[in-house]
Amino acid sequence: MPELPEVEVVRRGLADHVVGRRIVRARVTGIRVARRHAPGPDDLAARLHDVTVTAAARRGKYLWLALDGEDALIVHLGMSGQMLVEPADAPLEKHCHARFDFADDGPQLRFVDQRTFGGLALSPLRGDGIPESVAHIAPDPFEPAFDQAAVVRRMKQRDSAVKRALLDQGLVSGVGNIYADEALWRAKVHGERLCSALTKPTLSRLLDHARDVMAAAMEHGGTSFDALYVNVNGASGYFDRSLHAYGRAGTPCDRCGATMRREQFMNRSSFSCPVCQPRPRPRVLAPR
């Protein structure tokens with residue numbers, strides 16, 4: 001699924017091409033795309049008539065368009081969702097589930113989703129600018145509200161794998177499997193090391209690496225292992241050429257030359273170096 005850098009690339013495109021424009025017609029087709037909007041697709045389309053997009057915002061992997069009323073249009077990209085800015089007379093994509101026309105007669109905004117795991121929904125905006133439906137998600141490392149020292153303290157209290165903590169969107173949002181593996185490789189830490197067994201400086205350094213690797217990915221347009229991960233102009237990112245861990249099983253470690261390994265973790269694949277990132281020793285239970 002797209003992680004923070006990929007979502008941020010889409011957000012930047014929406015900020016450039018959609019913010020400040022007034023929607024005069026919205027068409028939402030299919031129940032599934034509006035399944036998170038309880039009244040259904042017709043109600044969603046009707047409520048998006050004659051509203052102006054005032055901002056394109058993001059928290060972690062969550063994306064939304066702030067509207068000039070009291071609501072935000074939440075965009076769930078899912079596994080294959082795309083927000084595309086295209087001429088109104090461009091051929092309609094096979095899996096286009098929503099179209100937005102603007103008062104300036106400029107390009108349309110289209111929501112395309114081949115696998116239909118994504119969708120659209122309205123949510124009230126809170127006073128801090130965060131939609132109510134996103135408020136349970138922790139701040140991400142790029143937000144002013146992100147308190148790294150507090151996150152480190154919470155991680156240190158956990159007797160669980162450090163990679164599990166990185167993936168916990170209620171602790172720190174935006175980090176997914178790809179960038180967790182990259183941050184762990186940079187920090188020379190195996191993902192199954194216990195948070196409680198790591199020092200606070202090590203945990204803080206790991207969060208620094210997560211932020212740095214995601215920032216680098218943003219500048220490369222994100223990571224595109226799937227042709228469906230594109231920006232609003234339909235272009236794919238190319239940060240996958242700079243990955244040191246994720247998807248590198250069987251290739252030499254860029255740091256020490258050892259053969260990179262692939263392991264199972266939380267029903268997904270983890271990639272690490274057996275030399276730079278040794279597995280933690282099994283815990284021995286004290287005799288009763």
Side-chain angles (χ1 to χ4, degrees), residues 1-10 60-61 77-82 114-115 117 141 155 158 160-169 171-195 197-199 202-203 205-231 235-283:
M1 295 183 67
E3 301 180 25
L4 185 154
E6 291 74 52
V7 177
E8 172 61 15
V9 168
V10 175
K61 309 173 189 179
L77 294 176
M79 294 181 66
S80 58
Q82 302 171 342
Q114 177 176 315
R115 297 168 186 159
F117 290 117
M155 292 178 72
R158 295 192 175 195
S160 61
V162 67
K163 183 173 179 179
R164 181 182 292 273
L166 286 175
L167 298 176
D168 184 349
Q169 303 300 298
L171 182 65
V172 52
S173 66
V175 185
N177 203 37
I178 294 174
Y179 301 111
D181 279 357
E182 291 300 303
L184 288 162
W185 182 87
R186 291 186 177 203
K188 300 182 181 180
V189 173
H190 191 278
E192 293 187 15
R193 292 283 302 277
L194 298 181
C195 290
L198 297 171
T199 65
T202 297
L203 293 169
R205 182 164 51 88
L206 180 57
L207 291 171
D208 287 340
H209 284 307
R211 182 181 58 252
D212 291 345
V213 72
M214 289 191 293
M218 290 179 203
E219 299 310 310
H220 289 78
T223 298
S224 296
F225 280 106
D226 190 320
L228 297 175
Y229 295 169
V230 297
N231 64 18
S236 298
Y238 53 94
F239 188 68
D240 54 299
R241 304 172 193 175
S242 303
L243 294 174
H244 296 289
Y246 189 85
R248 293 282 316 280
T251 66
C253 171
D254 289 336
R255 187 163 44 218
C256 73
T259 301
M260 298 289 290
R261 64 189 166 194
R262 173 183 177 274
E263 301 171 292
Q264 288 296 310
F265 181 79
M266 294 175 59
N267 296 319
R268 64 192 76 190
S269 295
S270 281
F271 300 89
S272 60
C273 173
V275 175
C276 299
Q277 301 166 267
R279 288 180 58 84
R281 295 178 181 178
R283 285 188 288 178

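Each residue takes its place number in the sequence, starting with 1.
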Handout entry: Side-chain heavy atoms of Val189 within contact of Lys163, under 4.5 Å
Key = no

Exercise for the section: Find out whether Val175 and Leu4 are in side-chain contact, i.e. whether some heavy atom of one side chain is under 4.5 Å from a heavy atom of the other. Expected result: no

Handout entry: Test item: Glu182 side-chain N/O and Val213 main-chain N/O as donor-acceptor pair under 3.5 Å
Key = no

Practice task
For the pair Trp185 and His244, name the ring-plane relationship: parallel under 30°, tilted 30 to 60°, perpendicular over 60°.
Solution key: parallel

Practice task
Salt-bridge test for Arg211 and Asp208: reply yes if a basic N is under 4.0 Å from a carboxylate O, no otherwise.
Solution key: yes

Handout entry: Validation row: Gln264, Ser269 side chains within 4.5 angstrom (heavy atoms)
Key = yes

Practice task
Dump the intermediate steps for side-chain contact (heavy atoms from CB on, under 4.5 Å) on Leu207 and Leu166, then the final yes or no.
Solution key: CA-CA 8 Å; Leu207 291 171; Leu166 286 175; 4.1 Å; yes

Completion exercise
OG of Ser242 to CD of Glu219, rounded to nearest 0.5 Å, is 12.0 Å

Practice task
Mind running side-chain contact (heavy atoms from CB on, under 4.5 Å) on Arg158 and Leu203 for me, showing each step along the way?
Solution key: CA-CA 12 Å; Arg158 295 192 175 195; Leu203 293 169; over 6 Å; no

Handout entry: Test item: Glu8 and Met214 side chains (from C-beta on) under 4.5 Å apart, heavy atoms
Key = no

Exercise for the section: Look up atom CD in Gln277 and atom CZ in Arg255, then write down how far apart they are to the nearest 0.5 Å. Expected result: 6.5 Å

Fill in the blank from the handout: dist Arg248:CZ -> Arg262:CZ (nearest 0.5 Å) comes out at 15.5 Å

Practice task
With rounding to the nearest 0.5 Å, note down the distance linking CG in Leu206 to NE2 in His209.
Solution key: 7.5 Å

Problem - Basic-acidic side-chain contact under 4.0 Å: Arg186, Asp212 - result: no

Problem - Beyond-backbone contact of Arg279 with Glu263, side-chain heavy atoms, under 4.5 angstrom - result: yes

Problem - Check: Ser272 side chain, His190 main-chain N or O, donor-acceptor pair, under 3.5 Å - result: no

Handout entry: Val172 and Pro141, any side-chain heavy atoms less than 4.5 Å apart
Key = yes

Practice task
Any chance you could measure Phe271, atom CZ, to Met260, atom CE, to the nearest 0.5 Å?
Solution key: 9.0 Å

Practice task
Enter the distance from Leu194:CG to Met155:CE here, rounded to the nearest 0.5 Å.
Solution key: 11.5 Å

Handout entry: Side-chain heavy atoms of Gln169 within contact of Lys61, under 4.5 Å
Key = yes

